[in-house]
Amino acid sequence: MTAKHASIGLEQLDEQELLARIPHEPDAFRELYRRTFDRVFAYVAYRVGRRQDAEDITAEVFMSVVEHLARFQYRGEGSFTAWLFRIAHNAVTSFYRRQRVRAMPLSLEELPDIQGAAPLPDQIVQQKERFAALHTAIQRLSPRRQEIVTLRFFGGLRNNEIAVVLGLDERTVASHLSRALEDLHSRLIDAPELEVLF
Amino acid sequence: MTPNLNHSHDRDLLERLDDLLERGVPTGDELLDNLAQTIPQADRAYRDALEASLLTRLSATKKTERIPKRMTALTLDHPIRVLPHRRIPVTLAAAVFAVVLAGLVLFAMNGSRPPAETNLAAPLLNPDEQQEPTALPPMTASPVPLTPNAGTVSAEQAETLDGVQQLTATPVVAEVQPVLPTSTPLGGSEQTIFATSVVPMGCFPPSNQTAMVHLVVMGETLFDIAQRYGVDPEHLRVFNCLSDSNPLVEGMWLMIPVDPNGVQVLTPTLIPFGVPADLVPVVVARVDIPAGVQIMPEMLIVTYWPASDAPRLTANAIEDVTGLYATTQIPRYMPVILSGLTEDGEAVMTSPTPPPILTATPASLSDASATPRTTATPAPLRETSASPQPTATPAGG
């Protein structure tokens, strides 16, 4: 089987089948990585704000995945994603514990790129400013709600997966999410410097 | 899909959110739509580089899992004598053990000198082996008992991280004495151990640990390194005696404690990918060894390096360099180069640039046995990390 054919085949496999192939087929890990990388990076980047920090933590997360993959036990659909984001969640928590300062001012140069970035420099700057404003607004939520909002929006996890990652009931997650969005609405209205960006 | 919520408003909000995130349908809500439009994206080059690195690591991890014993059986102070894959028959091992046991029993019955048990103190000498003071380096004169509070560490204390931590907190340089009192009763309850050379004090990694070396490169943090090797950062800090006065810096060699039963994941800075590699033993300094100091086993560690990366002309066994004198300072964790050692201690001591480490403290050698807890003369081992304590901590204090 050629590499091209193998690659096509891997794209059609689900997580469980890919995980089973990893021990003797590195391309299976590559496929799994490509499926999850963008979500992990987006989640981490929104949590920490700085691109450099996000890259460091993302690398740390995937290195940890590689090192502990042999111990991972598949427990049904979504269990790998939940495990992966649990590692990411721990890495971010650990990062903030080391930093000791939760909110630090961000400069535009430090911000990550945004998906589907606009072609014009002015638009790119505008997107980044919007990102910075939302990042700041989210950071003002309680830690639990920050976690839930970022996992939902940027990690792309569903409520039941978030419940597994955070060890909560699914209804609790939904409730927190709903309240967090209401909080964000009100905070953005109360903060003209953020609202003006929209 | 949406769990039971108390308010229809909540359900509506979450349903719109699902539409947005899973089907890309704009909600018309400014906040939600903006959140969905500001998803960060990693640099493609970074993503690809990380992917390549992960695949390499994955490959190395698999290979390492097959050779855990060889890579991890690197016990400090105890270089490997027998390769792990050489199986000794049980009967032969039992016979050897019986012979050794019988020898020890005979040895004890004959009242011979007890074996030196401590790793960190200098070897015990038989009272019968009287040495002429003139044959010894004239750098020190005050016999000092190597008690923990005098700035050194006992073997028992060194076994625990707490002991190391304690020493880290109170770095002291012990004055040492190369001459033994002739009347000190060795082996008794009042036994006092005397160093026969300079033992730089401060912090030691615990003995009987297994370790590997790691070269710190620019941008690495203690946490990164600990994470990479799967060890606790605090453990790593204590193990390497890192502190505010001895911070992690680029180019520093770190000792990575290794679980002898575990699997060690290797990194490019330590072993190139594609292990197993031919490893060679290299003796490195466990502490800073100043020029003019007689090398003792407790100052050294045997580490294993890839043959292609191992420095040349280095000592391969602790025994090869024990008793020699350093002609230049050997920084901690740096390999011991054979050309930097000499057998002539006096020549080193009478060189135009005597080592500025210790201050001679003339004291009556004959009083040594009568006053086994002679006060040590603390002196900073390194000028940059001078001890904050003006005097040595009294024994038992």
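Naming convention: chains lettered A, B, ... in sequence-line order (proteins, then strands); numbering from 1 in each chain.
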Heavy atoms of other groups near A:R75 CZ, more than 12 under 6.0 Å: no

OH (A:Y33) and CG (B:L50) are apart, to the nearest 0.5 Å, by 3.5 Å

Highest number of heavy-atom pairs under 4.5 Å with chain B among A:V44, A:V66, A:I138 belongs to A:V66

So salt bridge (charged side-chain N to carboxylate O under 4.0 Å, His left out) across residues 43-56 of chain B, not counting sequence neighbours, yields A:R30-B:E51, A:R34-B:E51, A:D38-B:R44

Who among A:E55, A:E60, A:M63 has the most heavy-atom pairs with chain B under 4.5 Å? A:E55

Check each atom of A:T58 against the heavy atoms of chain B and say whether the ones under 4.5 Å are side chain, backbone, both or neither. both

Look at A:F153, A:F62, A:Y43 and state which one has the largest set of heavy-atom pairs under 4.5 Å with chain B. A:F153

By a 4.5 Å heavy-atom criterion (distance strictly below it), what part of A:Y46 contacts chain B: side chain, backbone, both, or neither? both

Top contributor to chain B contacts, counting heavy-atom pairs under 4.5 Å, from A:P112, A:A45, A:A59, A:A54: A:A59

Sequence-distant partners of B:I39, side chain to side chain contact (heavy atoms under 4.5 Å, CB included), two or more places apart: A:A42, A:Q115, A:F154

Within the 4.5 Å heavy-atom criterion, are B:Q41 and A:I114 side-chain neighbours or not? no

Can you tell me how far CG of B:L35 sits from CZ of A:R130, rounded to the nearest 0.5 angstrom? 11.0 Å

Measure the spacing between CG of A:D56 and OG1 of B:T221 and express it to the nearest 0.5 Å. 8.5 Å

State whether the number of non-hydrogen atoms from other residues, nucleotides or ligands found under 6.0 Å of A:E17 atom CD is greater than 12. yes

Could you grab the distance from atom OG1 of B:T38 to atom CG of A:L134, nearest 0.5 Å is fine? 5.0 Å

